[in-house]
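Right, one structure below, let's go through it.
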Amino acid sequence: MFKALVLDQADKVTTSSIQELEISQLPEGDVLIDVDYSSLNYKDGLAITGKGRIVRDFPMVPGIDLVGTVVESTDSRYTTGQKVVLTGWGVGEGHWGGMAQKARLKADWLVPLPESLSGDQAMKIGTAGLTAMLCVQALQDAGITPEKGEVLVTGASGGVGSVAVTLLAKLGYQVVAVTGRASENGEWLKALGASRIVERSEFDDAGRPLEKQLWAGAVDTVGSKMLARVLAQTDYDGAVAACGLAGGFDLPTTVMPFILRGVKLLGVDSVYAPFERRQQAWKRISELLPASYFEHGCSEISLEQVAEAAEAITNGQIKGRVLIKL
């Protein structure tokens, strides 16, 4: 028997409960894992609270991230006792996920845990950190260097944003962090590496098609009007890595930033990123993240505290990454 957070639905109302399950109840997969840690992401919050149509089939164990130890494997790439990490691939949405003490998964979804990381550090990174690293790499590939000017990070107090701030600062960029809770999170973001803080209210509307050029590049986790405003303020030949839609999936902008300033909009996905890209990103982030990130950018909860934390994260009341100890 093992303990799991289980989502169910009746009359379109999603409920969550902690249950004792048997291994035979786990879905099919190549690798059986003893889960050490999972994490709470915004998408997990939407699934657990029922505020978003994330889960279509019930019952479901949520948790799009996990790290643990291989117990059994029918795939030669993974052996008993090996540490592995999983992010994405629809786990926690269409396949039972990480908020349980055991999981059975496809081998193709896994990545060996980098030797330089512990299990709890891997989950303090998780999907959010992996996505942030992919965004930073996209900006670098687009030629955005520290010498070109300030780089903006929207939704900076969230999981992706806080890791992006940390990584960019470590690489020598001047990072401007956008948050709706500057008085509460300003000093924390500066501790992570932000050079200055901008209030989210300054981006409340989409603004004009083109505005004063302010940013060499940006990492946007919000979308909608925020992204439109950022694009309008991006420097000539600048780039914006977009990876989120917390503010909406629309984009009320024009082609003008793209055709008059050569601005590049770079879409970044971590859910279905291929193995080689994931492995490279995990290696790079394990090399770059300073010890201070794990001290200042993360908090830890138990499985019993997940439902309350899920409500908080969907209300924008959580900063940084949330680790779940199984």
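Values below: all heavy atoms of this structure, side chains included; hydrogens, waters and symmetry mates excluded. Note that the coordinates shown come from a computational prediction; the quantities given were computed from them, not determined experimentally.
With Trp96 contributing its side chain and Pro59 its backbone, the two residues share a donor-acceptor pair below 3.5 Å. Judged by distance alone, with hydrogens and angles left aside, the side-chain atoms of Asp44 form no donor-acceptor pair with the main-chain N or O of Ala310 at under 3.5 Å. Between the side chain of Glu308 and the backbone N or O of Gln305 there is no donor-acceptor pair closer than 3.5 Å. Within the 3.5 Å criterion, the main-chain N or O of Leu86 finds no donor-acceptor partner in the side chain of Arg278. Between the side chain of Tyr173 and the main chain of Ile144, a donor-acceptor pair closer than 3.5 Å is present.
In this structure, the side chains of Arg284 and Leu167 stay at 4.5 Å or more apart for every pair of heavy atoms. A 4.5 Å side-chain heavy-atom check between Ser162 and Leu192 finds at least one atom pair inside the cut-off. Counting heavy atoms from C-beta outward, Thr69 and Lys83 have side chains that approach closer than 4.5 Å. The shortest side-chain heavy-atom distance between Thr234 and Pro257 does not fall under the 4.5 Å cut-off. Contact annotation: the side chain of Leu40 approaches that of Met99 to within less than 4.5 Å [non-hydrogen atoms, C-beta and beyond]. Residues Gln9 and Met60 form no side-chain contact, since every pair of their non-hydrogen atoms from C-beta on lies 4.5 Å or further apart. Counting heavy atoms from C-beta on, the side chains of Val31 and Val84 never come closer than 4.5 Å. Side-chain contact between Leu105 and Trp89 is absent, with no heavy-atom pair separated by less than 4.5 Å.
Pairing each heavy atom of Pro112 with each of Tyr78, the nearest pair is CD-OH, 3.7 Å. Thr254 and Pro209 get closest at one heavy-atom pair: OG1-CB, 3.6 Å. Taking both residues in full, the closest heavy atoms of Trp215 and Val230 are given as CD1-O, 4.2 Å, listed atom of the first, atom of the second, then distance. The two residues Ile285 and Gly129 make their nearest non-hydrogen contact at CD1-O, 3.3 Å.
Counting heavy atoms of neighbouring residues, nucleotides and ligands inside a 6.0 Å radius, atom CZ of Arg200 does not exceed 12 of them. Heavy-atom neighbours of Lys51 NZ from other residues, nucleotides or ligands within 6.0 Å: above the threshold of 12. Taking a 6.0 Å sphere around CZ of Arg277, one finds it holds 12 or fewer heavy atoms contributed by other residues, nucleotides or ligands.
Test Gln19, Glu304, Glu20 against Lys3 for side-chain hydrogen bond (donor to acceptor under 3.5 Å, both in side chains) and you get one pass: Glu304.
Atom CG of Asp141 and atom CG of Leu266 lie 9.0 Å apart (nearest 0.5 Å). The CD atom of Glu311 sits 10.0 Å away from the CD1 atom of Ile318 when rounded to the nearest 0.5 Å. Here CZ of Phe58 is found 8.5 Å from OG1 of Thr15. Values are rounded to the nearest 0.5 Å. A distance of 5.0 Å separates CZ of Phe294 from CG of Leu289, quoted to the nearest 0.5 Å. Taken from CD1 in Ile324 to CG in Leu303, the straight-line distance is 7.0 Å, to the nearest 0.5 Å. Distance check: Arg321 CZ to Lys124 NZ gives 11.0 Å after rounding to the nearest 0.5 Å.
As a member of the Ile/Leu/Val/Met/Phe/Trp/Tyr network built from side-chain separations under 4.5 Å, Met1 groups with nothing else and remains a singleton.
Grouping the Ile, Leu, Val, Met, Phe, Trp and Tyr side chains by contacts below 4.5 angstrom, directly or via other members, places Leu227 apart from Tyr42. Linking ILVMFWY side-chain heavy atoms closer than 4.5 Å, directly or via other members, places Leu251 and Val268 in two distinct hydrophobic clusters. Met133 and Val165 end up in the same hydrophobic cluster when Ile, Leu, Val, Met, Phe, Trp and Tyr side chains are linked at under 4.5 Å.
By the 4.0 Å N-to-carboxylate-O rule, Asp34 lies close enough to Lys102 to be salt-bridged with it. Using a 4.0 Å cut-off between charged nitrogen and carboxylate oxygen, Lys43 and Asp65 do not count as a salt-bridge pair. Glu72 and Arg104 are not joined by a salt bridge, as no carboxylate oxygen comes within less than 4.0 angstrom of a charged side-chain nitrogen. The pair Arg229-Glu211 counts as a salt bridge, with a side-chain nitrogen and a carboxylate oxygen less than 4.0 angstrom apart. The pair Asp250-Lys225 fails the salt-bridge criterion, with no side-chain N (NZ, NE, NH1 or NH2) lying under 4.0 Å from an Asp/Glu carboxylate O.
Asp8 meets the side-chain hydrogen bond (donor to acceptor under 3.5 Å, both in side chains) test with no other residue; sequence neighbours excluded. Partners of Phe249 according to the ring pair (Phe, Tyr, Trp, His ring centres under 6.0 Å) rule, which considers only residues two or more places apart in sequence or in another chain, do not exist here. Every residue two or more places apart in sequence or in another chain that forms a side-chain contact (heavy atoms from CB on, under 4.5 Å) with Lys106 is listed here: Asp30, Trp109. Legend: residues meeting side-chain contact (heavy atoms from CB on, under 4.5 Å) with Glu28, ordered by chain and number and at least two apart, are absent.
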Next item on the list: Walk me through it: do Leu21 and Val6 pass the test side-chain contact (heavy atoms from CB on, under 4.5 Å)?
Entry: CA-CA 10 Å; Leu21 304 177; Val6 180; 4.1 Å; yes
What side-chain donor-acceptor pairs closer than 3.5 Å can you find for residues 146-157, not counting sequence neighbours?
| residue | atom | partner | partner atom | Å |
| --- | --- | --- | --- | --- |
| Glu147 | OE1 | Thr145 | OG1 | 3.2 |
| Lys148 | NZ | Gly143 | O | 3.1 |
| Glu150 | OE1 | Arg196 | NH2 | 2.9 |
| Glu150 | OE2 | Arg196 | NE | 3.0 |
| Thr154 | OG1 | Asp220 | OD1 | 2.7 |
| Thr154 | OG1 | Thr221 | N | 3.0 |
| Ser157 | OG | Arg181 | NH2 | 3.1 |

